[in-house]
Amino acid sequence: MDKKITMLAIVLVVVLVGVGGVLVGRSLVGRGDSNVASLLDEKTRELEEKNRQIQELERQTAQLRKDLDESAKQVVALQDRLDQANRGLSSIQERLKTAGRAPQASREAAASGAPRAAEVGSYETLRDTAVYEEASSASRKVATIPRGTKVNVVGSVGDWLEVRSKHGKPPGYIRRDDARYMGAN
């Protein structure tokens, strides 16, 4: 807005100078001065040049605005990608933190290739999770637990966590990588 006002002020000043030049020229022509016509032509050329400069500045301003809009769109797209990367990083950090809570014996068992025993306690599901009757995906599915649900783990078998319901639902097993350890009960 300030740029438009400034541009209008410049145009107004140029027009006023031109009108003043014309008036001065007429008064001098009326006196019979022979150089007035050439002076008037020179001032007219100067005004035309100023007008061309103003038009060029307006064109450059429009191009800069267009470039700025495009840059703003790119910044938004990059911010979205950064947010996605940060969410992924947070997820990985959470998994690393959860893995860091496992007892030393569990880490040694995992390093040896043997399935590690899970800690008994509270877990939170990381995604919608199927509950199976036995520690096998080939067994009967007895329920589905929504993402973010806290479950009570009472033991583990290989890569499966044994869960017990506090609401009277049948016990079952969920995959170990579908939940993260929250702490002891």
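Quantities reported herein were computed from a predicted structural model and do not represent experimental measurements.
The nearest pair of heavy atoms linking Val163 to Tyr173 is CG2-N, 4.4 Å. Between Asp128 and Arg147 the shortest heavy-atom distance is OD1-N, 2.9 Å. A pairwise comparison of heavy atoms in Tyr132 and Val142 identifies C-CG2, 4.2 Å as the closest pair. Here the shortest heavy-atom pairing between Gly172 and Val131 reads CA-CG1, 3.7 Å.
No side-chain heavy atom of Asp178 sits less than 4.5 Å from a side-chain heavy atom of Leu126. Side-chain contact between Arg175 and Ser137 is present, with heavy atoms from C-beta onward closer than 4.5 Å. Counting only heavy atoms from C-beta outward, the side chains of Asp177 and Asp159 never approach each other to under 4.5 Å. Between Met182 and Arg180, some side-chain heavy-atom pair lies under the 4.5 Å cut-off.
With hydrophobic clusters built from ILVMFWY side chains whose heavy atoms lie under 4.5 angstrom apart, Val154 does not share a cluster with Val157.
Within a 6.0 Å sphere centred on CZ of Arg52, other residues, nucleotides and ligands contribute more than 12 heavy atoms. More than 12 heavy atoms of other residues, nucleotides or ligands shown are found within 6.0 angstrom of CZ on Arg127.
Under a 3.5 Å cut-off, the side chain of Thr125 and the backbone N or O of Gly148 do form a donor-acceptor pair.
Rounded to the nearest 0.5 Å, atoms CG (Asn51) and CG (Leu47) are 6.5 Å apart. Within the model, atoms CD1 of Ile54 and OG1 of Thr61 stand 11.5 Å from one another, a figure rounded to the nearest 0.5 Å.
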Legend entry - salt bridge (charged side-chain N to carboxylate O under 4.0 Å, His left out) assessment of Glu48 paired with Arg45: CA-CA 5 Å; Glu48 289 171 351; Arg45 283 190 297 278; over 6 Å; no

Inset, instruction - Show your reasoning for whether side chain to side chain donor-acceptor pair (under 3.5 Å) applies to Gln63 and Asp67. - result: CA-CA 6 Å; Gln63 183 62 42; Asp67 293 347; 3.0 Å; yes

Legend entry - side chain to side chain contact (heavy atoms under 4.5 Å, CB included) between Leu68 and Arg65, worked out: CA-CA 5 Å; Leu68 179 63; Arg65 283 190 183 123; 5.6 Å; no

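Judged as a side-chain hydrogen bond (donor to acceptor under 3.5 Å, both in side chains), and not counting sequence neighbours, the contacts of Arg59 are Glu56. The side chain to side chain contact (heavy atoms under 4.5 Å, CB included) search around Glu134 returns Ser139, not counting sequence neighbours.
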